[in-house]
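In what follows, a single structure is set out as structure tokens and then discussed.
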2 protein chains.
Amino acid sequence: MNARAPRQKPASQRATIADVAAAAGVSKATVSRFFNHRERLLSPDIAARVEAAIATLGYSPSPMAQALSRGKSRLIGLIVADITNPYSVAVLRGAEKACQDAGYLVMLFNLGNDFERGREAIDALAGYQVDGFILNTLGRGAGVVDAVARHGKPVVLVDRRHDGMEADFVSLDNAGAMALACEHLRDGGAREFLYLTEPQHDVSTRHERAAAFGDCMKVHAGVLHGRVVESREDANDALDQALCALVGRASPGHRPAVIAGNAVVTLRIATAMTRLGWRFGDALSFVGFDDTEWAPLVGPGLSTIAQPTDAIGRTAATCLIERLGGLEGPARQLLLPGQLVLRGSSLSP
Amino acid sequence: MNARAPRQKPASQRATIADVAAAAGVSKATVSRFFNHRERLLSPDIAARVEAAIATLGYSPSPMAQALSRGKSRLIGLIVADITNPYSVAVLRGAEKACQDAGYLVMLFNLGNDFERGREAIDALAGYQVDGFILNTLGRGAGVVDAVARHGKPVVLVDRRHDGMEADFVSLDNAGAMALACEHLRDGGAREFLYLTEPQHDVSTRHERAAAFGDCMKVHAGVLHGRVVESREDANDALDQALCALVGRASPGHRPAVIAGNAVVTLRIATAMTRLGWRFGDALSFVGFDDTEWAPLVGPGLSTIAQPTDAIGRTAATCLIERLGGLEGPARQLLLPGQLVLRGSSLSP
DNA sequence: TTGTAAGCGTTATCAG
DNA sequence: CTGATAACGCTTACAA
């Protein structure tokens, strides 16, 4: 008996390892061993007793206590720039599946497009002892590189590189995908091209796509002509003008081509088209990045570049888990191919 | 000095409370008090020393250790049936915001539409000592009620009731929203109605909407006629037939009306319309539940019922946090109003 | 093969 | 107001 009163035990809680030990008439260590080294060092009869006690008490170890004790949590921190973005969600799903298969749980932190919160997110997740990070943000927002470095945990970057950071990187093969789109449109007779993108800022994917677009034009220099225009929210006039200018440049018999850098831009273009009274596949050919569920429903159907989102997420998770398993070596770069989905917007009538 | 070698301290880790205590020349208890009871019981000079040590070491308390010690984690478990569903995501966003404002972190578990995993999800989250649950699933899938009950933690249900469960419930006012849609369509001249829903199974929202539809028809018995049809994936023929039958029933001068139970059904109907070569707002009037970003782009624009998703999520989180704060009393029921968004599909030409 | 006890990073009780 | 010290639930040397 202790002189001091022990903190009272909250009446009916989950069974703890001590309860099991008591019930089975063994020590806590033995119960712990039952879970972690069962076969190797436990006699059958004791194992049976422990097993029975576990069953009757409905015991399962507390991951928190385990994490505290082991220093690792089997938790993976996933930070997304914007959970509203279907791309992010699709990637998330893939990653989550892979993690669960490997016995990891995903802790999600959504930045809600507030890039300054990146550091905060990392610190919060690190507090919960996540073993590693999957980051689908970065570029803007300071301190993230340091924040990650400070905790010294493995990181995988998805879709957005970050300069100062030596980390595995998983993404769509932007150059390949853009080439697919451009070649398809060229085959359809297009000579004048317009690439519409969200403001590029520091988002690596946007830069890569714009650069790839430029390269495609260069390959057919003299015959293909392209322009890149940044589309901003609420800048409808600029968008309309860019489209009109494009159509104005086109020579007869050669339908001009528009490529959208992502689904957000596609949405804006579709709105502009109704505003202008134009029809996809008629006034112009169109291909957009990101194959949304509604792409088939707009006008004659929108041709798109489908990203292997699920594979991207799964690959990212796998990468990270490999690193957690101790894999060494330089940062890897995994570029997955996109797929051209043909619909009316880019086909000849 | 201990006879036994202590487990070696991993070289450069996060600073712990002990490090801070040492640096400030005080006890761990004092450092702890600095965070939890600063003003009340800490002399200014000691507080200053602690503060300095915290700053130089970059210390912040480990939430895991806190959770272990306190028995509460400031973590909220959020279980969604399907993260792919934009409705769920929108709610998630609202809830997350409210939680963060209140100093809680959300742990997300996605069922991926595998309803049998509900129990697993709850146990996993309970393992991490979440203080309470927000559930956006249930109905199907066994054991969830017991699983929740077993842990005895507060729960808020979103959008889907569950019979055996006494818990706060937050959702769209389905009856009100349906009435809005029906009255609008009736004003537009519709007399023959078709309500298309996903298979109702045990999903309470689907039942409520179907029942509300029936009630609306009953209110104008004799003049309004309605049918409810369940639309299944890959049952295109049945859908087409239902639509044709509806149009067949309509008397001249009275455009028939179609109401879609959610965005998934809306998508199917839109596809059917192009298949049939019909045009929204022409062959029939249309209103669908859920205001998606693409609703304005389909045909003349689709009229919808916009759910206050953000408010739903926020409300759910607030509810839960109130309970965590000790609020007693019977289960509450919070029904938030929907908003009718008018577009071409339900307007007279 | 099993038990003992230290330690993971906190908080809370009790004595000064 | 401050410091020891026992818990929280678990793992893991080390001893037996």
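Residue numbers start from 1 in every chain, and the chains themselves are labelled A, B, ... in the order their sequence lines are given, proteins ahead of strands.
Comparing D/dC8, C/dA12, D/dA13 by their nearest atom to the side chain of B/Ala29 picks out C/dA12. When distances run from any side-chain atom of B/Arg70 to the nucleotides D/dC10, C/dG9, C/dT11, the shortest one goes to C/dT11.
Counting heavy atoms from C-beta outward, B/Asp123 and A/Ser60 have side chains that stay 4.5 Å or more apart. With contacts defined as side-chain heavy-atom distances shorter than 4.5 Å, the pair A/Leu75/A/Met64 does not qualify. Proximity of A/Val26 to A/Arg49: side-chain heavy atoms (C-beta onward) are separated by under 4.5 Å at one or more points. Inter-residue side-chain proximity for B/Ile83 and A/Leu92 is flagged as met; some heavy-atom pair is nearer than 4.5 Å.
Remark: B/Asn36 is in phosphate contact with C/dT11, judged by side-chain N or O atoms under 4.0 Å from OP1 or OP2. At the phosphate of D/dG3, OP1 or OP2 sits under 4.0 Å from a side-chain N or O atom of B/Ser27. At the phosphate of C/dG3, OP1 or OP2 sits under 4.0 Å from a side-chain N or O atom of A/Thr30. OP1 or OP2 of D/dC10 has not a single side-chain nitrogen or oxygen of A/Gln66 nearer than 4.0 Å. Side-chain nitrogen and oxygen atoms of B/Ser69 include none within less than 4.0 Å of the OP1 or OP2 phosphate oxygen of C/dT11. The phosphate of C/dT10 has neither OP1 nor OP2 within less than 4.0 Å of any side-chain N or O from B/Ser32. Phosphate contact (OP1/OP2 of C/dT10, side-chain N/O of B/Tyr59, threshold under 4.0 Å): present.
The CD1-P distance, from A/Ile17 to D/dA7, rounds to 17 Å in whole Å. Rounded to whole Å, atom P of C/dT10 lies 15 Å from atom NE2 of B/His37. Rounded to whole angstrom, the span from the CZ atom of A/Arg14 across to the C1' atom of D/dC10 amounts to 12 Å. Between the CZ atom of A/Arg74 and the C1' atom of D/dC10 there is a distance of 16 Å, given to the nearest Å. Summarising the geometry, the separation between CG on B/Leu42 and P on C/dA12 is reported as 15 Å, rounded to the nearest angstrom. As rounded to whole Å, 8 Å separates atom P of D/dG9 from atom CD of B/Gln129. In this structure, the CE atom of A/Met64 is 13 Å from the P atom of D/dC10, given to the nearest Å. Atom-to-atom, CG of A/Leu68 to C1' of D/dT12 comes out at 14 Å; the value is rounded to the nearest Å.
Inspection of the A/Gln333 and A/Arg161 side chains reveals an N or O donor paired with an N or O acceptor under 3.5 Å.
Note on residues 17-70 of chain A: pairs passing ring pair (Phe, Tyr, Trp, His ring centres under 6.0 Å), not counting sequence neighbours, are A/Phe35-A/Tyr59.
At a threshold of 4.0 angstrom between heavy atoms, the contacts of A/Val31 with the nucleic acid are absent. Within 4.0 Å of B/Ser60, counting heavy atoms only, lie sugar-phosphate atoms of the nucleic acid but no base atom.
Within 3.5 Å, a donor on the side chain of B/Lys28 pairs with an acceptor on the base of C/dT10, or the reverse.
For the pair B/Asp45 and B/Ala65, both in contact range of DNA chain D, the more 5′-proximal nearest nucleotide belongs to B/Asp45.
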